[in-house]
Each structure stands twice: as structure tokens, then as C-alpha cells.
Amino acid sequence: MFAALLKDGYSQLSAYERKRLKNITENAKFFAALKLHESAARLNQIATKRRPHVTKRAKPKKAEDETVRRRSMRLQRVEPSGIPTLEGSAQPEAEEYPQVPAGPLPMVPEGEMENSKLAEDLLATWMRISEMKADDTEKRTRDMKRYQESLNSMVLSEDNIKKVVKYRVCSMAIHPSESIIFVAAGDKSGQIGLWNVNCKSEGAHVFVPHNYLVSCMHFSPFNPAHLLSLSSDTLRCGDVTRAVFDEICRSEENFSSFDFLEDTASTAIVGHWDGNVAIVDRRTPGTSSELSADIGFKRTRTVHVHPVNKQYFIAAGSVDVCIYDVRYLKSNRNKPVSSLKGHTKSVASAYFSPVTGNRVVTVCADDKLRVYDTTSLSTVAVLSTISHNSNTGRWLTRFRAIWDPKQEDCFVVGSMAQPRQIEVFQDTGELLHSFYNLDYLGSVCSINVVHPTQNILVGGNSSGRLHVFKE
DNA sequence: ATGTTATGACCCC
DNA sequence: TGGGGTCCCTAACA
């Protein structure tokens with residue numbers, strides 16, 4: 001093992017290490033200048049501060065709160081000076097609320113100013129596994145019997161459970177490496193936890209590149225040393241080779257999700273909570289989006305690009321689920337290529353199947369999972385409807401059904417069922433498998449991610465804990 | 001009517 | 001006792 005490492009390019013590795021250390025040193029100065037650690041400490045303090053004991057939902061304080069009633073938490077926390085109507089009103093928390101500053105942020109772990117050696121090792125691992133040429137094994141869809149066997153072989157052990165972020169998991173991403181299981185989880189408060197599942201000593205470390213809920217994350221398929229993360233006000237790219245979280249774009253609108261438009265991952269489509277979608281080019285950081293298009297949605301919760309014909313993308317939000325052609329997007333009055341009908345309540349997610357894009361699975365608050373046949377994008381039809389309790393209630397992240405990237409016709413979704421489990425369905429609507437473990441899985445995993453080439457499933461719950469099922 | 005948004009109760013050391 | 005960790009139902013409001 002170690003011999004292989006030596007042979008593989010030990011000298012190269014140390015060169016990277018040197019480069020990294022240099023970056024870290026430079027960043028430390030930057031960090032000090034920003035006094036980010038002070039803000040971070042205050043964030044911690046405020047975040048842990050208990051609110052007064054109330055049995056019912058606090059009633060709005062009439063007139064003074066009225067103006068902000070309909071705004072998002074993000075907007076409510078905007079600097080008080082920005083909202084003249086709040087001037088002089090008692091909103092101490094809003095004033096104290098610390099902000100992660102705009103622009104590039106050093107990739108320094110939270111609350112580990114002194115002993116950050118282990119976090120250094122973790123980042124070095126991320127960089128090393130990103131240098132390795134990915135095995136170009138084709139994504140192959142196995143026959144159902146073999147697939148089921150592989151699912152049966154995946155188990156959860158005590159070692160493969162870890163709390164990696166403080167609050168509930170809102171998004172996850174898994175590194176494509178086949179030698180190390182490396183996972184990123186984003187939480188409600190803007191934290192991103194990175195975890196090397198294979199190495200107990202390196203463990204998990206937390207970074208805070210965002211102020212608000214991290215709704216969507218992807219490692220760049222072109223360069224997995226880049227981790228893109230989206231929060232309501234920023235899209236960032238964590239670049240481990242430079243030890244920086246760059247800012248790709250920032251907006252006053254609420255970002256909700258994004259996806260890459262091509263294999264080079266240089267442009268992305270970004271969904272806005274208020275309905276619009278935008279095209280963003282990563283190569284021109286700091287500039288605003290190239291195009292903002294009104295697709296006629298009240299909300300846009302998820303966007304996903306077709307895996308083969310990348311000019312198409314699917315958007316979901318409120319009760320609308322539509323497919324659009326990005327080539328014909330204009331600023332307003334966009335007509336969808338097709339519309340996926342039948343949802344009677346708000347839709348939590350809609351994703352294309354991974355290899356052909358011939359299927360779409362949606363999760364809806366009407367307690368149904370729907371699979372659509374999208375072989376012909378102009379004539380989309382429902383293929384199957386599955387009853388599934390999606391009432392996650394007040395404290396849980398809503399379920400999103402995600403396809404297994406290795407298996408064209410099967411998807412994974414969290415469940416409210418007891419004992420707690422993560423379910424795998426076939427596009428026909430058949431329940432193929434339930435991942436559960438009476439000893440170690442005692443909570444609902446709302447967010448799940450499957451490794452692109454290996455039999456690995458990670459489930460994230462609403463207290464920041466990840467569970468890794470593997471062979 | 002419908003979609004969105006909040007944060008309490010319990011257990012354990 | 002009390003604070004931190006952990007889990008997750010529903011109900012007001014626009």
C-alpha cells in the first residue's frame with residue numbers, strides 16, 4: 001500500500017503539499033485581516049443561545065414586524081441599516097448576526113485555530129484523490145438480480161456513522177475517488193462538513209463558507225478538487241489546491257439549486273427561489289449571471305440538466321414541473337418543451353435518470369412519488385405512481401428522490417417508516433430494497449447520495465449525522 | 001385552499 | 001440541575 005504510494009508519485013504529492021502549505025500561510029494572514037474567527041465565534045455563541053421558552057409559535061409583534069413578515073430569514077437578517085423601517089426597533093439578534101464576508105474565503109476549519117493538523121491532512125487527502133485519474137469504467141446498468149445482490153451486500157457499521165455538521169443536513173456530495181470515501185455535507189446554517197470515511201484520525205472537519213442553508217452541492221465532474229456549493233445568496237467553489245472558497249456569484253435573489261450545463265462544468269444553471277433561472281459562467285467570477293430567465297414559476301426548488309442532451313433541463317417548484325431548452329431561453333415569456341402534470345401539492349425535487357435521461361422521478365407533498373417516461377421530451381407520460389409518506393413535518397429536510405448513478409432505472413429516497421430506513425425503488429414502482437439497521441440507524445435520512453461507480457450510499461439526517469452503507 | 005414557514009421535548013451525563 | 005445532544009409530530013399565516 002505504502003509502496004504503491006511511493007511508486008505512484010510520492011514526490012509529486014510532497015510538491016503539492018508544499019504548494020498547499022504556502023497557500024495556507026498566505027491565507028492565514030488574509031484570515032486574520034478579515035477577523036473571520038471572531039465572527040465565527042459569535043455565530044457559535046448566537047446559534048447556541050436558547051430562545052425564550054414558548055409553547056406556541058411567537059406572534060408577530062404587529063406593526064413593527066409587519067413589514068418583514070413575508071421576507072425570508074435571509075432578508076430579515078440583512079443589515080438593519082438596509083431596512084429603514086426597522087430603525088430603532090428592538091432587533092438585537094439581527095444586529096449581532098455575523099456575516100461570512102463576500103469574496104474569496106480561506107479554507108480554514110471552524111474552531112480549530114490551534115490544532116488544525118488533522119484538518120490539514122484531510123484537505124491533503126482531498127487534493128491527492130482529486131489528482132488521480134478516475135477509472136473510466138462505464139456506468140453500466142446491471143440486471144436487476146445482480147443489482148439487488150449488490151444492494152444486499154451494503155451494510156452500515158458503527159465506524160461509518162459520524163456527525164459532520166451541527167444542524168440538519170440540507171445537501172450532500174460524494175467525491176468520485178475509488179480509493180477513499182470522501183463526503184461533503186451542507187447544513188441549515190451554512191456549514192460544510194468534510195469527512196474522510198476511511199480514516200478515523202483525519203475524521204471530519206467543518207468549514208463555514210456560507211451564511212445560510214446550503215441547498216445544493218456538487219464536486220466538479222471535470223475536476224473533483226473543486227466543490228461547488230450553493231446557498232441563498234452565493235454560489236461558491238471550494239478549491240482545495242488553493243485552499244480557498246471562491247465566490248462565483250452573489251445575488252439578492254434566493255438561490256435554490258444548480259446544475260452543470262456541460263462536462264467541463266464551466267457553466268451552470270441556477271434556480272432562484274422566486275421562480276427565475278439563471279445561467280452562470282464560472283470563468284468570469286464576480287460578474288452577475290449571463291442570463292436571467294423567467295420561466296413562469298412561482299418557485300423554483302430544483303433544477304437538473306439532461307444527462308445526454310444537455311441543452312435540456314428540468315425545473316421543479318411549487319406544483320410546476322417543466323422541461324426547458326436552454327438554447328431558447330430569453331429573459332421572459334419562456335415556454336416549456338413539456339410539462340410533467342399531475343402534482344397536486346408542492347414538489348420537492350425532479351431529476352432525470354442518470355444514463356439516458358429517459359426517466360424523471362419527482363417527490364411531491366401529496367405523498368406520491370411519480371416516475372415519468374421522458375424518452376420523448378415532447379410527449380411525456382406518467383409511468384408509475386408510488387404512495388410514499390413525504391410528510392417530513394416541521395424539523396426535517398424534505399425528501400428528494402435521487403437516481404443511483406450506476407443504475408439507470410432505480411432511485412433512492414428517504415422514508416418516515418419504522419424502523420428507520422432508506423428505500424430503493426425501480427422505475428416500475430416496485431420497492432427493491434430497504435436499507436436499515438436496527439442498532440445504528442435510528443433516524444430519518446432525508447438527504448442521500450450514491451457513489452458514481454462504487455456500491456456506497458450515504459444518508460444524512462436532521463442532526464448533521466451521516467450514515468455510510470457499503471460493501 | 002394551498003404553500004410556506006417556524007424550533008420543542010426528551011434523554012443522559 | 002442543566003446544558004448539550006438528539007430526535008422529529010403540526011399549526012399559524014399569507
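Convention: sequence-line order gives letters A, B, ...; per-chain numbering from 1.
- Atom C1' of nucleotide C:dC7 and atom NE2 of A:His467 are separated by 11 Å, given to the nearest angstrom.
- Residues meeting the side chain to side chain donor-acceptor pair (under 3.5 Å) test with A:Asn437, sequence neighbours left out: none.
- When the P atom is used for both C:dC13 and B:dG8, the distance is 15 Å, rounded to whole Å.
- Remark: P of B:dT4 and CG of A:Leu396 are 17 Å apart, rounded to the nearest angstrom.
- Counting any heavy atom pair closer than 4.0 Å across all strands shown, A:Asn391 reaches a base atom.
- Look at the C1' atom in both B:dA1 and C:dA12: the space between them is 15 Å, to the nearest Å.
- When heavy atoms are screened at a 4.0 angstrom cut-off, A:Thr344 is found touching the sugar-phosphate backbone but no base atom.
- Rounded to whole Å, atom P of B:dA1 lies 11 Å from atom NZ of A:Lys345.
- The nearest whole Å value for the distance from the NE2 atom in A:His343 to the P atom in B:dA1 is 22 Å.
- Look at CZ on A:Arg168: it is 14 Å from P on B:dG8, rounded to the nearest Å.
- DNA chain C is contacted by no residue of residues 363-370 of chain A, taking any non-hydrogen atom closer than 4.0 Å.
- Put simply, CZ on A:Arg394 is 17 Å from C1' on B:dG3, counting in whole angstrom units.
- In this structure, the CG atom of A:Asp274 is 17 Å from the P atom of B:dG3, given to the nearest Å.
- Rounded to a whole Å, the CG atom of A:Asp320 is 10 Å from the P atom of B:dG3.
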Step by step, work out the side-chain contact (heavy atoms from CB on, under 4.5 Å) result for A:Thr302 and A:Tyr351. CA-CA 8 Å; A:Thr302 62; A:Tyr351 298 121; 3.8 Å; yes
